[in-house]
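Let me begin by presenting the structure, written as structure tokens, before commenting on it.
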Number of protein chains: 2
Amino acid sequence: MEKCLINIEDIQFLLQTLGGKWKLHILTNLYFGKKRFKELEREIDGISPKMLIKELKELEAAGIVHRQTFNTVPITVEYSLTENGLTLKPLLEQMKNWAEIFRKKIAEHKGNS
Amino acid sequence: MEKCLINIEDIQFLLQTLGGKWKLHILTNLYFGKKRFKELEREIDGISPKMLIKELKELEAAGIVHRQTFNTVPITVEYSLTENGLTLKPLLEQMKNWAEIFRKKIAEHKGNS
DNA sequence: CTGGATCCTTTAAGATACTG
DNA sequence: CAGTATCTTAAAGGATCCAG
């Protein structure tokens, strides 16, 4: 059998890891490099510090995001993708591409109908 | 600029379209062809008819899944991926591949530490 | 600046029984 | 068989204030 049914556990795992309202949002924000907490808070429209720290912690626990603190005054913290997190890049791109194309098709279809 | 920041609207759209506990589960079940309501209910472990019909309706509204009824007695209904739905296949595969590899890495890491 | 803690509202989901 | 309806619970998320 060349290709078994897609493993449900993998799907569940992915949903758990990347699910939630803000995780993909955060990841796309870290796509091109590290950001400080406040930068993320500013750039992710509508997120509260509580949700931001919660999602960051989960991503950190999953080994996708790295957290580095600096003993400045006041304290600074930088978040970035880990090696493992970087492997998400092609996936993020494909997700974006699919969504882009799909939305375009919907728009066309509405025009035709 | 070769590549702008990944569009947030696309990400949101994807999460809305594919989010929820069962949608990816359903899609992987329709991956290789059409299925009847009851078949889906049986093969998706733990789903209730309420959730199944709800997710199916949303996928149908999104233009990803096609619903065809047959006037048999009792009535039969077949669900399948639409043309648009089929474009999800490579994405589903890449999601699965990423999850598979990533989980393997985690397992290794735990072994080392 | 980077969070933690608390309270509150909303939404998602589960259980179960029922209908054409 | 293919769904509906209703009720209840669990989880996600938002708002706000506070502390190192």
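Each chain gets a letter, A, B and so on, in the order its sequence line appears, and its residues count up from 1.
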Tell me whether the OP1 or OP2 atom of [N] has a side-chain N or O from [X] closer than 4.0 Å.
X: R67(A); N: dG3(C); answer: yes
X: K21(B); N: dG14(C); answer: yes
X: Y79(A); N: dC1(C); answer: no
X: K57(A); N: dG4(C); answer: yes
X: K23(B); N: dA12(C); answer: no
X: R36(B); N: dG3(D); answer: no

Would a 4.5 Å heavy-atom cut-off, applied to side chains only, mark T69(B) and R67(B) as touching?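 In short, these two side chains touch, coming nearer than 4.5 Å.
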
When the nearest nucleotide of DNA chain D is assigned to T69(B) and to M51(A) on a heavy-atom basis, which residue is associated with the more 5' position? T69(B)

Return the 5'-most residue of the pair P49(A), G20(A) with respect to DNA chain D, ranking by each residue's nearest nucleotide. G20(A)

[atom1] of [X] versus [atom2] of [N]: gap in Å, rounded?
X: K54(B); N: dT11(C); atom1: NZ; atom2: C1'; answer: 9 Å
X: I75(B); N: dT19(C); atom1: CD1; atom2: P; answer: 18 Å
X: L56(A); N: dG4(C); atom1: CG; atom2: C1'; answer: 15 Å
X: F70(B); N: dA2(D); atom1: CZ; atom2: C1'; answer: 14 Å
X: Q68(A); N: dC1(C); atom1: CD; atom2: C1'; answer: 16 Å
X: L52(B); N: dG14(C); atom1: CG; atom2: P; answer: 12 Å
X: W22(B); N: dT11(C); atom1: CH2; atom2: P; answer: 22 Å
X: L15(A); N: dA13(C); atom1: CG; atom2: C1'; answer: 15 Å

Taking the side chain of I53(A) as heavy atoms from C-beta outward, which of dA2(D), dG3(D), dG3(C) is closest to it?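 From the listed options, dG3(C) comes nearest.
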
Nucleotide of dG13(D), dA13(C), dA2(D) approaching T76(B) most closely (side-chain heavy atoms):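 Side chain of T76(B) sits closest to dA2(D).
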
Candidates D10(A), I64(A), L88(A) - the one meeting side chain to side chain contact (heavy atoms under 4.5 Å, CB included) with F102(B):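 It is I64(A), the one option of D10(A), I64(A), L88(A) that forms the side chain to side chain contact (heavy atoms under 4.5 Å, CB included) with F102(B).
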
For T82(B) against V65(B), the heavy-atom pair lying closest together: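 Scanning both residues completely, I find the closest heavy atoms to be CG2-C, 3.5 Å.
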
At their closest point, which heavy atom of F37(A) faces which heavy atom of L52(A), and how far apart are they?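 Taking F37(A) first and L52(A) second, the nearest heavy atoms are O-CD2, 3.7 Å.
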
Does K50(A) make a side-chain donor-acceptor contact with the base of dG4(C), cut-off 3.5 Å?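 Between dG4(C) and K50(A), which were checked side chain against base, a qualifying N/O pair under 3.5 Å is absent.
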
Main chain of N29(B), side chain of K35(B): is a donor-acceptor contact present, judged purely on distance under 3.5 Å?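 Looks like yes, one N/O pair under 3.5 Å.
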
